[in-house]
Amino acid sequence: MKSFLARLIAIFVLTLWALPAQASTVPKRSVLNNGLVLLTSEQRALPMVAIELLIDAGSRHESVDRAGLANLTARLLTYGTARRNALQISETLDFIGASLASGASENVASISMTILKKDLATGLELMAEILTSSTFPPAEIDRQKQAVIAAIKAQEEDPGAVAGRAFAAALFPESPYGRPVEGTAASVKSLRAQSLKDFFSRFYRPNRSIISVVGDVSEREISQALNQALRGWSKGAAGVPPPAPATIGVPQTIRLNKELTQANIMLGHAGVPRRHPDYYAIQVMNYILGGGGFSSRAMDSIRNERGLAYSVYSYFGADQSHGSFQFVMQTKNESAGEAIGLARDEIRKLREQSVSEQELSDAKNYLTGSFPLRFDTNRRVAGFLGQVELFGLGLDFADRYSGLIGKVTREDVLRVAKQFLQPEKLITVIVGDQKKIKVQ
Amino acid sequence: MFAWLAVSLLMARPAQAERVQEFILDNGLKVLLLEDHKSPAVTFQVWYRVGSRNEKDGKSGLAHFLEHFLFKGTPTTGPEEYSRIIAKNGGRSNAFTSNDMTVYFATMSREKISIELELEADRMVNALLGETYFEPEKKVIQEERRLRTDDNPAAALGEVVNAVAYTVHPYRRPVVGWMEDLQNLTRQDLVDFYKLYYAPNNAFIVVVGDFSTTEILPKIRAAYGKMPRGAEPPKVKVTEPEQRGERRVALKKEAELPFVTMYYHAPNQASPDSFALDLLSVVLAGGRSSRLHHELVYKKRLANGIDADYGAVSIDPTGFSVSAQLLPGKDAAELEREIDSELERVKKDLITDKELQKAKNQVEAAFVFAQDSIFGQAMKIGYYEVAGGWRQMNGYLDGIRKVTREDIRRVAKTSLDRDRRTVGVLIPTQAKPQ
C-alpha cells in the first residue's frame, strides 16, 4: 500500500544520509489477538514514541440523567489501578518525563501518551494497568467531581465556549450531542461510583478501540509488546452505535448577557456526517466562504474591508452520524448587528452565484498542498491515523485526498452551497453586553 | 497576526544547537540554517530585533500594529495578497510580535519555500503601509485586544501585574498596546517605526526543515544581499530599579473563579542560575506529582490548576511566576498563604535527590519531544538569537545536568524574594441580570 507517508519516508531515506541507516515502513494496520485495531508508522528520527488510543466510550453513550459520566470515567483513569494509587501513577510518569492524558468527547474516549523510546515498556505497562484494572476510588471520584464542576464554572469565563454550548444545545436538543461532555454541576454531583465502573466495564473494550503508535518502534516490536501487555484486556459486546440526533433545532436567536466588550457570535445549522459523498465539495466551498484564513470571503468582508473583527471563520464539523455548520466571529457589542448582516450576505452570495475559477483553484491548491504539511510531528501522525480508522477512510486516504479535492468543480461548489448552506435554518447565538447589542 | 502573546511554551528548551549553521551577509543580515529532513516541510522565518520593548510611552502597540500593516502590500504585491500567495501554494503563514521581537513566517514544501523567501525580502524594504488600510486595521487590532485581553480575565490580570511589576522598564507595557494609545497612533508613526527598525542589519533569518543549504543559501543571498544596510537602530538602555517591598494589585472583573499570580523578578538565560531556575519551575509545578500541584490541587484542594513559569529567554532580566485558579468557594488569601509556605520550604530545605532527578528527566524528555516540530525548533533558535545569541543554546542540557540540590535552594532564596514580587488577584464580579 503506497501512501503519502510512504512518500514522506522515501524522501526521508534519500536525504537523511547523515544519520544512521533508517528502517522505515509505511503505516500498517493490524488487529491484535483481543480485537484491538493497531495502526503504526515507524519514524526513527527521534528516540520517542507517540501513542493515541481511541475508545468508543464517548458521551453519546450516556443518558441525560447521567450527563458527564463518560467524561468523569475518562478523567479517573489516571487516578488509581489495582497496583498504583494516583500519586504513584503521576510519580511514574513524571519520573520519566512522559505525558499521559485521558479525556472524552461526544464520540470517543481517548488516552494519549508521549514517551521516550527507552521508557516505552514502562509506559505500556501503565497503560495496560489502566485498561484492565482501574479501580475508581471514591476519594478520587470526589476530587475529580470537584475539578469538573470547577471546569464547568471556569468555562463561563470563556465567551466562545459559552456560545458554543448554547449553539449545540439549540441545534441538537434531546441528544447527547447537544449536551456538554462535562455534564452539569448537578448531574456530575449525582454520579455514582458504580455507574463509572459499569460504564468502564461495558465500553472500554479492545474490540471497540483503535491504537495508533508512531515513532521509534517497528510494527512487529509494538504488536508483540501490546499483545503481551494487553493480554488481560478482553473483548466485550460490540453493541450498536447510538443514533444520530433525532431532532434538529428550529431557527432561533439566543442572546446571553455578559459584561463583555465584544459580542461573541455563532451562526449555524446542521451539516453532514464525515462519510457524506459531498464532504469534499463542502470543504472547498467552506474554504472560500470562511475556512480559508486570510484568503476567505468572510475575512475580506468583515475583517479586512471593515475592521469589524479580528477572528472570523466558518467551519463544517463532521462526525460519524451527523455534522454541523458554524460561522464564528467576535466584534464590539455595537457592531454585532452589522457583522451578522455581513455574514448572512456572504452565505447568501455563495448560494446565488458561482465562485470564480481563481477562487476554486486557490482553494483546491491550498487544501491539497498543505495536506502533507499537517502531519509534521509524531503526535499529529498518530492523531491522523486514528481519525482515518475511526471514519473508515482507508490507509490509502492520504494518497486519494488530492483526487477527492481535485475533482470538485465550480458547479459542485454552487450545488453544495445551495443544498448545505441554509439561511432559513440558521440558529444565531450572541453572547455579550445585550443592552449595547442591536440586532433585527 | 494571530499571536502576539509570548510563545513561552515553545521556548522552554533549546534545539540541537550544534547542527545550526550561521552565515552573515555583507549588509549585516544573519542567516541561521538547520536542516531537518524528517518531514517534507520547511519553515522560513524572518525575525526583526524590535518589539514592544522599543516603543515609547503613548505609542504602545506600535510594533504589533506594524506587524499587521506589513500584510497590506508592496508595489508588486497587493494588500493581503501575501497570505493568498502562500496559501494557494499550499503554505501556512502568519506573524507575531512579542516584547523583544517581531517575526514573520511560513511553512511550505521544499519546492515552494522560495516563494516565501522572495516575499519576505520584498516586504523587508518595500512595504507601502497604505493610508487607506490604516483605520480599518486599527479597528481590527482593537478587536484583537478586546478578544485576547479585555474579555479574558486571566490575561487582563497578567497585563496589570506587568504594569505594576515594572515601573520604568518597557516590559511594563502590553504588546498589543493600551486601548487609548492604539486610538491615538497615526500612520506616520508606523512609517517612522518601519524606517527605523526594518533593515537587514536589524533582522535575521531562521530556516529549519527539509531543505538543502547549498540550494537555499544562494537564493537568500540573491534576494537579500543587495539591500542596503540601514542606520543602526537606537538601543534601549533601561534598567528597572531594584524593587524594595512587595507590590499588590487587584483586578475586579466579571469572572467565575478568583485567580492569583505572583511575579518575581529573575535573571534571564545569560545567568548561570537560569538552569537551576528552569528546574525549580519543574520541581514546583511540572506534572501532577510536583510540589505545588500535589499539595494545593490534590491534597488541600484549593486550586483548580497551578503553574510555575520561568520565562528564561529574553533580552533584559525576566520573571519567575506562580499562577493559580481557585476552586469554587475557596479563599484566595488562604491559597496565597499555602503557596508561600511551599515556596518557603524550597528556600529552607534541600529537595530530595529523587525530586532533582525527576526534574532533570522531565527537562531531558521535553528536550527530545521539542525536536519533533520544525516550527518549534526554529522558534527556539530565534528566541535565543534575539535574547543573547543562538550559541547560548549550546550546553543547555549540560547546564541542566550539573545543577545540584544546593543550587536549587540557592536560586529559590535569591529569586523567590517576597520583597521583589508583585502579587495580582482577580476578584470576580457578576454581571447584573438583564
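Reminder, nothing fancy here: chain letters follow the sequence lines and each chain counts from 1.
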* **Donor on one side chain, acceptor on other, Glu144(B) and Tyr310(A), under 3.5 Å** => yes
* chain A heavy atoms under 4.5 Å from Tyr298(B): which part of the residue, side chain, backbone, both or neither? -> both
* Asked: What part of Arg306(A) lies closer than 4.5 angstrom to a heavy atom of chain B: side chain, backbone, both or neither?
  -> backbone
* Asked: What residue, out of Arg84(B), Lys139(B), Lys112(B), has the most heavy-atom pairs lying under 4.5 Å from chain A?
  -> Arg84(B)
* **Electrostatic pair Lys358(B):Glu91(A) at N-O distance under 4.0 angstrom** => yes
* Carboxylate-amine/guanidinium proximity below 4.0 Å for Glu137(B) and Arg303(A) -> yes
* Just how far is it from atom NZ of Lys153(A) to atom CG of Asn304(B), taken to the nearest 0.5 Å? -> 11.5 Å
* When rounded to the nearest 0.5 angstrom, what is the spacing between NZ in Lys38(B) and CG in Leu46(A)? -> 5.5 Å
* To do: Please check if any side-chain donor atom of Glu143(B) sits under 3.5 Å from a side-chain acceptor atom of Gln262(A), or the reverse.
  => yes
* To do: Find the distance between CG (Asp150(B)) and CG (Leu260(A)) and round it off to the nearest 0.5 Å.
  => 10.5 Å
* **For the student: nearest non-hydrogen atoms of Ala154(A) and Leu257(B), plus distance** => CB-CD1, 3.9 Å
* Structure fact -> Whatever's closer than 4.5 Å to a heavy atom in chain B on Gln144(A) counts as neither
* Among the listed options Asn365(A), Thr261(A), Asp376(A), Asp362(A), the residue most often paired with chain B at heavy-atom distances under 4.5 Å -> Thr261(A)
* With only heavy atoms counted, which part of Gln325(B) is less than 4.5 Å from chain A, the side chain, the backbone, both or neither? -> side chain
* Asked: Around Tyr313(A), counting heavy atoms of other residues, nucleotides and ligands shown, do more than 12 lie under 6.0 Å from its OH?
  -> no
* Among side-chain atoms of Gln330(A) and Arg146(B), is any donor-acceptor pair under 3.5 angstrom? -> no
* Structure fact -> Bottom line for Ser99(A): the part with an atom under 4.5 Å from chain B's heavy atoms is neither
* **chain B contact via Leu116(A) - which portion, at a heavy-atom distance below 4.5 Å** => both
* Test log, rule side-chain contact (heavy atoms from CB on, under 4.5 Å), inputs Gln362(B) and Phe95(A) -> CA-CA 7 Å; Gln362(B) 283 173 278; Phe95(A) 196 77; over 6 Å; no
* Asked: Counting only N and O atoms by type, is there a donor-acceptor contact under 3.5 Å from the side chain of Asn361(B) to the main-chain atoms of Ile96(A)?
  -> no
* Structure fact -> Honestly, the part of Ser290(B) sitting under 4.5 Å from a heavy atom of chain A is backbone
* Quick one: what part of Asp142(A) sits under 4.5 Å from any heavy atom of chain B, side chain, backbone, both or neither? -> both
* **Most contacts with chain A, counted as non-hydrogen pairs under 4.5 angstrom, among Lys360(B), Lys354(B), Lys138(B)** => Lys354(B)
* Asked: For Ala365(B) and Gly97(A), which heavy atoms make the closest approach, and how far apart are they?
  -> CB-O, 3.5 Å
* To do: State, without any angle test, whether Asp94(A) and Ser289(B) hold a side-chain donor-acceptor pair at a distance under 3.5 Å.
  => yes
* **Top contributor to chain B contacts, counting heavy-atom pairs under 4.5 Å, from Leu93(A), Asp158(A), Thr114(A)** => Thr114(A)
* Structure fact -> Turns out that what part of Leu308(A) lies under 4.5 Å from chain B's heavy atoms comes down to backbone
* To do: Specify which of Ala359(B), Pro79(B), Pro153(B) makes the most heavy-atom pairs with chain A at under 4.5 Å.
  => Pro153(B)
* **Which atoms of Arg374(A) approach chain B - backbone, side chain, both or neither, heavy atom under 4.5 Å** => side chain
* Structure fact -> What one should report as the nearest heavy-atom pair of Phe294(A) and Ser83(B) is CB-CB, 3.5 Å
* Per-residue contact mode, Glu305(A) against chain B (heavy atom under 4.5 angstrom) -> backbone
* **Atom pair NZ/CD of Lys253(B) and Glu259(A) - distance to nearest 0.5 Å** => 8.0 Å
* Got a sec: does the NZ of Lys299(B) have more than 12 other heavy atoms crowding it under 6.0 Å? -> no
* **Residue part contacting chain A, namely of His294(B), when any heavy atom lies under 4.5 Å** => side chain
* Side-chain H-bond candidate by donor/acceptor type, Arg379(A) with Ser373(B), under 3.5 Å -> no
* Structure fact -> Heavy-atom nearest pair, Pro40(B) first then Leu373(A), reads O-CD2, 3.6 Å
* Structure fact -> Counting heavy-atom pairs under 4.5 Å with chain A, the top scorer among Ala154(B), Ala41(B), Ala255(B) is Ala255(B)
* To do: Specify the closest pair of heavy atoms between Arg288(B) and Ala86(A), including all atoms of both residues, with the distance to one decimal.
  => NH2-O, 3.4 Å
* **Which portion of Asp151(B) sits near chain A, non-hydrogen atoms under 4.5 angstrom** => both
* Structure fact -> Value for CZ (Phe375(B)) from OG1 (Thr377(A)), rounded to nearest 0.5 Å, stands at 13.0 Å
* Taking atom CD1 of Ile86(B) and atom OG of Ser370(A), what is their separation to the nearest 0.5 Å? -> 12.5 Å
